[in-house]
Amino acid sequence: MEHKDNPKLYEIRHSLAHVLAQAVQKKYPDVKLGFGPPVETGFYYDFDFGDVQINEKDLKDFTKQMKKIINQKQEFVRSEYTADNVEEAIADILPNETYKHENIRNLKERGVKDFTFYQNGPFIDLCEGLHVAHTGELPIKGFKLDSIAGAYWLGSEKNKQLTRIYGLAFETNEELRSYLERRQMAEKFDHKKLGKELGIFHVEPDLVGKGLILWLPNGTVIRDEIEKYAKEIEFRYGYKRVHTPHLTKAELYHTSQHLPAYEESMYPPMVLPDEDSDTKYYLKPMNCPHHHLIYGSQQHSYRDLPMRLAEYGTCYRFERSGELSGLIRVRCMTMNDAHIYLRLDQFEEEFKRTIQMYQELYDTFKLSEYSFRLSVRGKENSEKFKGDAAMWDKAEKLLAKVMDELGLDYFVGEGEGAFYGPKIDIQFKNLMGREETVSTIQVDFLSAQNFGLTFINEEGKEEVPVIIHRAPLSTHERFISFLLEYYGGAFPTWCSPIQVSIIPVAEDCYAYADALAAELTSDFMRVKVDKSSNSFNKKIRNNTVQKIPNMLIIGAKEVEEESVTLRRYGIKEQEYLSRADFIALLKQEIADRVMHREPMGSII
RNA sequence: GCCGAUAUAGCUCAAUUUGGCAGAGCAAUUGACUUGUAAUCAAUAGGUUGUCAGUUCGAUUCUGACUAUCGGCUCCA
């Protein structure tokens, strides 16, 4: 969070971080301080507790102490130093705060000239501010220490891991309570919970493995419908479909430079013993190298470009155990992948077409809350990014230019690029507020070189194509996790596992209901007749809880008049229409992929 | 992988504080009821309390290790 967003709240959160640090110091005087900034929902402070282990019981003690400090109305006093005298000052004021010392050195290296300290009560911290006037201004019922987590110093795994204490903080108790309520609500619509309730997916860690999803019949319907839609739209946009194996020899990934760069994200190889040397096979972590070989298998004229190769390709990545999360991060994923091989002068137009296709897809799914991230090289660990600097400059500028021309707002994500080039990532937030990349478009000047890919230009000479990697619908796994949450499990008719549930009022309506079901089935609609011995009310309830988009009530009247009463999920008004009209209506609705309800979006 | 929390029936949760035969609702099964817009009644079944050790006459409860899940860090679609 930044000061300009909401100065008062920023100061409250920032000051609470200092109060937390003071409370922690009171109980553990030897603790060393890291950073303690305000964030989206409150604040955190990083501590080095040495050998002491902190648990949630400590949070209660810290909270009590924080309240005491607030009641003491300690004044925040600012003192200023320059780059010349700050190190002397801190050696005197905070002799043991080694992380603060390191921070000052880093800031000076970056050219920072002015340094400030803030003191309240016995606590003093290097900090640029700003703060409330005194601790009495802090909302004693507006904050709550939330959780403990490990966090690496300066965000690097190579550094020591500090203990981070997260606090929630708002201006009033009402706002805090409302946030907690929203969080509870979000838990209700968590895709893992809905996935279980609606029979979408299942995981069997002991027998299959963690992060390896078993898709149940209902979930598979959703996957298949999305895939069918993707194939239609890609057909219209001129894509050709390909299929590639899940396994490949190690040599492919030497050519592509995945090895050794990407090796730690890959499953270890299968080794086939051979007389001279062993042959190693890897499960593919990406589809691109295979597609490049397909492009390279034939000679191409400049007239053939852009060439668009698409595959819903299944990939395997050995994500570290702590990184796995429901369907959002898995170890086996099926990607809405395609690679576009084109001439540089075609880039702008093709990029625009691609964005246009993304928007068409998002409109269908009614996804509107996302942001574009231009993901570029990072200054740090530059060894991660392959290829020369000139190439990266060119690619990064090209993406920025096209985004500007399209008038699309974006923010820059340093160090977020792929190893072979920069990309536009499309970021969504899940219900719990966690941001994830869903779609991506990447520019790649490197792979065509690595694979020796060419086309013959107007002058009859070989030229190297540019490659766009794109995945608008992400992976089935991640995309469906977002749909589940955004829709609260209630899918539109076209991709709903069961599209129509027929509820006969009495047994003498069964024949009509069965005939209707048979007719719908012959039109490829997914339909069931609820013949359970439940009461009518219970049937309504069961089918509603299962979030079935269309319920048909069939009683004596409907049988007699060859009609149906349509009750749609989440819509109060029922429709009474003829059987023929209903079938026509629903067929059209499915064909057009109509969505009646607005998705929730992120609620935190 | 690291930090913290959690693990009881298919699901949601009790009991364990002080070690002594593990309990409810929903779901399931069976029977009765055939119902006009969100829970009909009754009966039955369902558990090596995540796994493996240790302490103990006795462990679901105490100790330790492991595994998995959740929230973070790092990594990423």
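Convention: sequence-line order gives letters A, B, ...; per-chain numbering from 1. Only this structure's heavy atoms are used, side chains among them; waters, hydrogens and symmetry mates stay out.
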Ignoring hydrogens, what is the shortest heavy-atom contact between Phe189(A) and Gly488(A)? Give both atom names and the distance.
CD2-CA, 3.6 Å
Asn218(A) and Gly199(A): which non-hydrogen atoms are nearest, and at how many Å?
CB-O, 3.2 Å
Rounded to the nearest 0.5 Å, the NZ atom of Lys196(A) sits from the NE2 atom of His191(A) at a distance of 11.5 Å
At 4.0 Å (heavy atoms only), tell me whether [X] reaches a base, stays on the sugar-phosphate, or touches nothing.
X	result
Tyr166(A)	sugar-phosphate
Ser533(A)	base
Arg434(A)	sugar-phosphate
Gln53(A)	sugar-phosphate
Asp146(A)	nothing
Thr475(A)	base
Ala149(A)	base
Thr565(A)	base
Lys193(A)	nothing
Ser474(A)	sugar-phosphate

Counting only side-chain nitrogens and oxygens, does [X] get under 4.0 Å of the OP1 or OP2 atom of [N]?
X	N	result
Ser325(A)	rG71(B)	yes
Ser535(A)	rU35(B)	no
Lys192(A)	rU69(B)	no
Lys158(A)	rG1(B)	no

[M] and [N], which share atom name [atom1], separated by this distance in whole Å:
N	M	atom1	result
rU51(B)	rG47(B)	P	14 Å
rU60(B)	rC41(B)	P	37 Å
rU18(B)	rA59(B)	C1'	14 Å
rG31(B)	rA15(B)	C1'	33 Å
rG46(B)	rA22(B)	C1'	13 Å

Does the base of [N] carry an N or O that pairs as donor and acceptor with the side chain of [X] under 3.5 Å?
X	N	result
Glu319(A)	rG1(B)	no
Arg541(A)	rU37(B)	no
Arg164(A)	rC73(B)	no
Glu157(A)	rU74(B)	no

Going by purine N1 to pyrimidine N3 plus the second Watson-Crick contact, or the G-U wobble pair, all under 3.5 Å, which nucleotide sits opposite [N]?
N	result
rA28(B)	rU44(B)
rU67(B)	rA7(B)
rG36(B)	none
rC62(B)	rG54(B)

Under the 6.0 Å and 45° cation-pi test, does Arg13(A) pair with Phe170(A)?
yes
Is Lys144(A) positioned over the aromatic face of Tyr179(A), cation under 6.0 angstrom from the ring centre and no more than 45 degrees off axis?
no
Tyr152(A) or Ser439(A), whichever maps to the more 5' nucleotide of RNA chain B:
Tyr152(A)
For Glu319(A), the option from Arg329(A), Arg331(A), Lys210(A) that meets salt bridge (Lys or Arg N to Asp or Glu O under 4.0 Å)
Arg329(A)
